[in-house]
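What you see below is based on every heavy atom in this structure, not just the backbone, and it leaves out hydrogens, waters and symmetry mates. Order of the sequence lines sets the chain letters (A, B, ...), proteins ahead of strands, with each chain counted from 1.
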2 protein chains.
Amino acid sequence: MNVLIVYAHPEPTSLNGSLKDFAVRHLAAAGHQVQVSDLYAMGWKAVLDASDNTAKPAGEPVKPDLDSKRAYERGTQSPDISAEQEKLRQADAVILQFPLWWFSMPAILKGWVERVYAYGFAYGVGEHSDSHWGDRYGEGSMQGKRAMLLVTAGGWESHYGPRGVNGPIDDLLFPIQHGTLFYPGFDVLPPFVVYRTGRMDAARFEQVSAQLGQRLDNLWSTPPLPFRPQNGGAYTIPELTLKEEIAPGQTGLPIHLYSK
Amino acid sequence: MNVLIVYAHPEPTSLNGSLKDFAVRHLAAAGHQVQVSDLYAMGWKAVLDASDNTAKPAGEPVKPDLDSKRAYERGTQSPDISAEQEKLRQADAVILQFPLWWFSMPAILKGWVERVYAYGFAYGVGEHSDSHWGDRYGEGSMQGKRAMLLVTAGGWESHYGPRGVNGPIDDLLFPIQHGTLFYPGFDVLPPFVVYRTGRMDAARFEQVSAQLGQRLDNLWSTPPLPFRPQNGGAYTIPELTLKEEIAPGQTGLPIHLYSK
């Protein structure tokens with residue numbers, strides 16, 4: 001299988017760097033093809049702007065979605081964008097690896113999503129009708145592929161627990177897991193999160209990397225998070241609200257999973 | 001009063017640009033001092049890296065938190081970072097204005113947070129003891145200042161409602177409002193969100209800007225979101241979980257507000 005790791009940490013000798021190296025070795029040893037987009041090493045351009053459409057006439061107003069659509073359709077995207085899209089097409093599984101900075105992805109990775117997820121590629125796909133509101137949330141260009149987050153956090157696991165002060169990790173990651181991975185059609189696996197990274201020694205790294213190795217071994221057998229498909233009948237269209245009879249009376253992020 | 005608007009949109013003639021211009025004019029007309037950090041116009045460097053500490057010896061491993069701490073303490077931060085910190089110090093209220101891209105801030109604004117929120121300035125502040133886990137979540141350098149998000153979204157309001165497919169807007173914004181604004185001590189006002197931006201005409205813009213004008217008039221009187229202070233007795237320390245007797249049996253993001 002082909003695995004793409006999109007990796008966002010500035011320091012190769014960091015915990016993140018070591019975990020990335022471990023993952024690459026482990027997957028390769030199991031016979032997989034591994035590709036790494038090391039965003040810092042690539043000098044990835046984080047900021048979406050007019051130059052992302054190489055055919056954009058100078059001085060014309062920037063319209064992020066329309067510019068993206070035109071560039072994607074006409075083949076005038078900046079080459080760094082189309083290269084990443086090609087890696088996504090070839091991948092059977094994608095791992096986004098990053099340290100949790102301010103409860104979200106580092107800017108460089110957010111900018112990868114914004115620029116690579118072109119209109120017509122990752123959004124604005126499929127028809128809009130009375131029964132189908134675009135190919136998204138369970139359908140789309142990434143359907144059939146798997147995705148997983150590999151995240152490190154300085155805080156304690158309890159700080160990110162169901163009643164932890166930071167908010168539950170699943171809720172904090174919802175905009176990423178549901179909003180950027182399930183959205184274009186990925187099956188999203190439970191995240192692999194390493195907490196309290198300031199307390200890492202050789203013994204714990206051994207333990208953590210063994211756990212990661214297991215997760216990588218099970219990349220194709222782990223059940224994905226049971227997010228509800230948007231067009232599968234659970235949501236009204238076009239309001240896109242969960243139908244009354246499903247999780248009746250409940251609100252919040254977890255209702256978008258089958259099990260709630 | 002001094003108001004800082006941190007603004008992240010590439011196009012001056014966009015809806016965001018028009019709302020920003022309106023806000024500046026409206027606040028100035030009311031006698032306030034307004035400063036705008038127009039991140040795209042400034043060519044803001046989005047990516048946190050070794051160069052953010054100008055005294056960092058070449059080839060030394062990048063340690064984002066330690067590097068930030070040293071640069072902040074020793075006055076060797078990149079000048080663009082210290083300039084933004086000075087704007088924050090002078091501000092009585094801060095507005096973060098941005099289009100919701102992939103259910104979060106644009107990368108350029110995320111990078112502003114990552115770089116400007118230095119260790120010792122916005123985190124790593126205050127003592128850690130049995131009763132106090134750092135000056136954060138209600139305490140910290142920004143205490144006494146107010147903050148508000150001004151956000152535009154292409155989707156419908158119902159898509160972001162309590163049972164909407166995207167997730168409730170309050171939950172999607174939690175990592176920003178709670179995790180980056182309440183964290184360093186801001187009083188966080190309810191966000192001003194404009195939905196369905198593709199359907200904007202002169203009449204609706206008139207209506208939306210009038211509503212925004214009201215919010216700006218009430219910037220100092222609107223009750224902030226009642227997030228619970230971390231060190232106020234609601235959380236166990238050091239586990240930082242909500243005490244059992246508060247919102248008993250409940251989990252999720254809304255329990256971190258008094259009213260839940």
Under 4.5 Å to a heavy atom of chain A? For Trp156(B) that would be side chain
Trp102(B) and Tyr183(A), any side-chain heavy atoms less than 4.5 Å apart = yes
Determine whether Leu253(A) and Pro168(B) make a side-chain contact, defined as any pair of heavy atoms from C-beta on separated by less than 4.5 Å.
-> yes
Does any non-hydrogen side-chain atom of Tyr40(B) lie less than 4.5 Å from one of Val47(A)?
-> yes
Output the residues of residues 120-128 of chain B for which the shortest heavy-atom distance to chain A is under 4.5 Å, in residue-number order; output 'none' if no such residue exists.
-> Ala122(B), Tyr123(B)
Specify which of Gly111(B), Gly252(B), Gly154(B) makes the most heavy-atom pairs with chain A at under 4.5 Å.
-> Gly252(B)
Contacting region of Lys243(A) [heavy-atom separation from chain B under 4.5 Å] = backbone
Heavy-atom distance under 4.5 Å to chain A: side chain of Pro12(B), backbone, both or neither?
-> neither
Side chain / backbone / both / neither for Ser14(A) at chain B, heavy atoms under 4.5 Å = neither
By salt bridge (charged side-chain N to carboxylate O under 4.0 Å, His left out) - contacts of Glu84(A) (at least two apart) | Lys87(A)
Segment of Leu48(A) engaging chain B (4.5 angstrom heavy-atom cut-off) = both
How would you list all residue pairs meeting salt bridge (charged side-chain N to carboxylate O under 4.0 Å, His left out) that involve residues 109-123 of chain A, not counting sequence neighbours?
-> Asp52(A)-Arg115(A), Asp80(A)-Arg115(A), Lys110(A)-Glu114(A)
Which of residues 131-141 of chain B have a heavy atom under 4.5 Å from any heavy atom of chain A?
-> Trp133(B), Arg136(B), Tyr137(B)
Pick one of side chain, backbone, both or neither for His178(A), based on which atoms fall under 4.5 Å of a heavy atom in chain B.
-> side chain
If you count heavy-atom pairs under 4.5 Å with chain A, which of Gln230(B), Lys45(B), Arg163(B), His159(B) comes out on top?
-> Arg163(B)
Who among Thr251(B), Ile108(B), Val62(B) has the most heavy-atom pairs with chain A under 4.5 Å?
-> Val62(B)
Under the 3.5 angstrom rule, does the side chain of His256(B) hit a backbone N or O of Asn166(A) as a donor-acceptor pair?
-> no
Top contributor to chain A contacts, counting heavy-atom pairs under 4.5 Å, from Gly161(B), Pro106(B), Ala46(B), Pro10(B) | Pro106(B)
Max heavy-atom pairs within cutoff under 4.5 Å with chain A, candidates Gly167(B), Gly155(B), Pro61(B), goes to Pro61(B)
